[in-house]
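Input: a single structure, listed below in structure tokens.
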Amino acid sequence: MLVDLQGPWNPIFGRLGLLLEVHYNNPIIFFAFMMVVIGGTAALSWVTFTGRWGWLWREWLTTVDHKKLGIMYILVGLVMMLRGFVDALMMRTQQAMAVGPDSPGVLGAAHGYLPPYHFDQVFTAHGMIMILLAATPILVGFMNLIMPIQIGARDMAYPYLNALGLWLTVAAASLVMIALFVGDFSHAGWVGLTPLTELPYSPGVGVDYYLWSIQIGSIGTTIGAVNLIATIIKMRAPGMTWGRLPIFTWTTLASNIIALTSFPVLGVALALLTLDRYIGTHFFTADLGGNLMMYTNLFWIWGHPEVYFVVIPAFGFLSEIIPTFSEKPLFGYVTMVLASMAIAGVSWTVWLHHFFTMGASPGVNSYFSIATMLVGIPTGVKVFNWAFTMWRGKLRFPTPMLWAIGSLFLLITGGMTGMMLAVPAINYLVHNSVFVIAHFHNMFLLIVYAAFGATVYWWPKVFGFKLDEYWGKVFFWLFTAGTLFVFVPMYTLGFMGMTRRLDYIPHTSWEPLLLLEVIGTGFYLLSILAFVIQLGVSIYNREKNRVVASDAWGTSRSVEWMTHTPPPFYNFAVTPVIHARDEWAWRREHGLTNLMPEKFLDIHMPKNTAVPLIISFFTLVCGFALVWRIWWLAAATFAAIIIAMIIRSFDKDTDYIIPAAEVERMEKEIVARAEGRIPAGEPAPVGGGAGGAYASKRTPTQRRDND
Amino acid sequence: MSHANSNPIDHPEVQLASPGAYLVAYAAALGAMFLELWLVVAHVLSPISLTTAITVIALLVITVQMYLLFKLDLSKTQIWFTVSFIMTAPLIFMSIGLTIWMFITLMQRTMLPGM
């Protein structure tokens, strides 16, 4: 071995001998394991008994269609969000139970039901999952799903790379889920506190799971960023100039510039820590020349831009939703674009505010304090722009608008507390207190609100029917109740001096507020139920809620609402020509929603491929082997990845042509279905509502919901 | 998305490949490395001048390699790469510069003098 390891190791099984020490008789782990087994068996049985394996393989697992990849990104994000929520539920209940010396303890814990080591893994997993495997995939999913249609493209610039990005993210999520049952997860916080993550203090495999899963996931995000940027630069439809680009596409660009520049820093920081743990270097150790604060520094050089990587697309969602339901163009398009880019730029200059208390000089702290406050200017510009968009608008309040307005309130409160935290002196009081936790959950919740708004907003475009409004509103209000009950007490507790990551609460006076937070998580739990019911009811009633026009809301403005609903796999039968910012609104005003193309042309499309799935599978096994230091397996799977890439690069048969006649036939069927000439159940290509360059009789110019 | 570019050899970026330029870049890197090794081993400069000399030589080699290996110039096919590369420069200067500043002041404030 390269470094001295505690516990067993042998050349065949690596450190898997450590598994004998894991407590599988712990009912929490056992219950989670049973849930996964039952859920997995149910899903596999459903696929088998309905004979859907071929369909699953052809339509989803090997697809390079940006829409399907986007949907899968969002699904992965939602599943991981559920896992992260269960972690949150455990933290809230543990803290509420373990108050004061007389509080009882069960399952091996002195107080509450989670011993410190297990509690530490729970909060580490919660943070890491929610940021990197829930928020990031959901947002990247929306960029994948919507952005290419918004710029009038047929697919991403690199469809194969797109599939690879998704499946690497899935590999990272799988590795984290494996850590739940095979070994431990990191106990050192989602930021990976050094030197706690160093081998002498974390001798198990938990930190290794953390390192390799983030490393794999961040490769996926980086290649995704390359792809999204290239798509925006190179794949815009004729007439889609920079000044006409929809704001969501602009925010996608800003956000992915951040991802492309900052994720390599994370990769390097984690790689150096990996070297410390695997070959005994001393980059971040407390002795022998190591500099443990350098890890924190590198982590936040990535970490702060990452925060804006997730918040900027949320601003993009708001900029699409608010004009639609205000029936006005977005106020201040140019300032909105400049503000997005300014936030992206400033994101690189503020990272020290995560460790103001390190002990840097007043000059350094003042610089970073001022830089942090500067973020408030472009963000303030955006808030005013949204407010002025709504001012004197014809406001409607369906669920997407409710989520958007909720998101605005959260942005304002989170922004205010952010300004407070930008002051170094305040940090000396509240650093590592739950006030900070409440602040950044406040900010992340604004992203969650915007993302749920985006889900309801674009759902009819993607699936052809609207989500149920009643259950959507129940979901929104329960979720909002949860947010208030959890985070108002949390802000208060922060001011009362409660630090983060406590598995035992020494002050009994904090108990009432902690109980309020538990009530809040109860509301969250109910809200998730409401969401599931909303999905169930909407899918059950999908024929009733079918969207019969290309524009589900009647007042949408951008290009994605021009194509059929749901869009066919080639997005646009003929490449649209863009005449204005808010092209769809422009066409509506000029009565150009019923245009028929003069002739159809051949369409060039990418072919499905299983290579990304195969590479991702080998990457997952390679990651697992590296975690357990099974060197032969790691070497073999790494070689397999390289071989798969080489084989793929010699594959010339990666695309195909849909002849013009075939396009015409499919388009006619879609229009026929939209006009009701083909019953809904009958097989026809795709699409329930026609639109775009041409449309059926029931177009948004003639009929609008609630008219 | 046209078929005209499906042969990789036809891509302008690939056509820029030049064995001569690659060899020159390699020789320049090797030469610079030996020069710096000699500067360090032979102790011909004071520590400050040595650091400066090594930095300047490193920047020169980076520039030569960017031009000869990556062909970062202002031609129509390459200008996007050149511009995006130059736009990362502020990030690099800022992240490294601010890091140096914060750690120097940290050391002054937390370490015993002379240690």
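Looking at heavy atoms from C-beta onward, Met102(B) lies out of side-chain contact with Met293(A) at the 4.5 angstrom threshold.
Applying the 6.0 Å contact sphere to NZ of Lys607(A) captures more than 12 heavy atoms from other residues, nucleotides or ligands. Within 6.0 Å of atom OH in Tyr26(B), 12 or fewer heavy atoms from other residues, nucleotides or ligands are found, so the atom counts as exposed in its surroundings. Within 6.0 Å of CD1 in Ile48(B) there are 12 or fewer heavy atoms belonging to other residues, nucleotides or ligands. Within a 6.0 Å sphere centred on CZ of Phe85(B), heavy atoms belonging to other residues, nucleotides or ligands number 12 at most. Summarising the local packing, CZ of Phe356(A) is surrounded by more than 12 heavy atoms from other residues, nucleotides or ligands at distances under 6.0 Å.
Contacts between residues 295-303 of chain A and chain B, counted as heavy-atom pairs separated by less than 4.5 Å, involve Asn297(A), Ile301(A).
Looking at Ile257(A), there are no atoms closer than 4.5 Å to chain B (heavy atoms on both sides), in backbone or side chain. There is no contact between Asn365(A) and chain B, counting heavy-atom distances below 4.5 Å.
Here the closest heavy-atom approach between residue Trp351(A) and residue Met94(B) is recorded as CH2-O, 4.0 Å.
In this structure, Ser84(B) OG and Leu260(A) CG are separated by 8.5 Å, a value rounded to the nearest 0.5 Å. Between the CG atom of Leu106(B) and the CG atom of Asn291(A) there is a distance of 7.5 Å, given to the nearest 0.5 Å.
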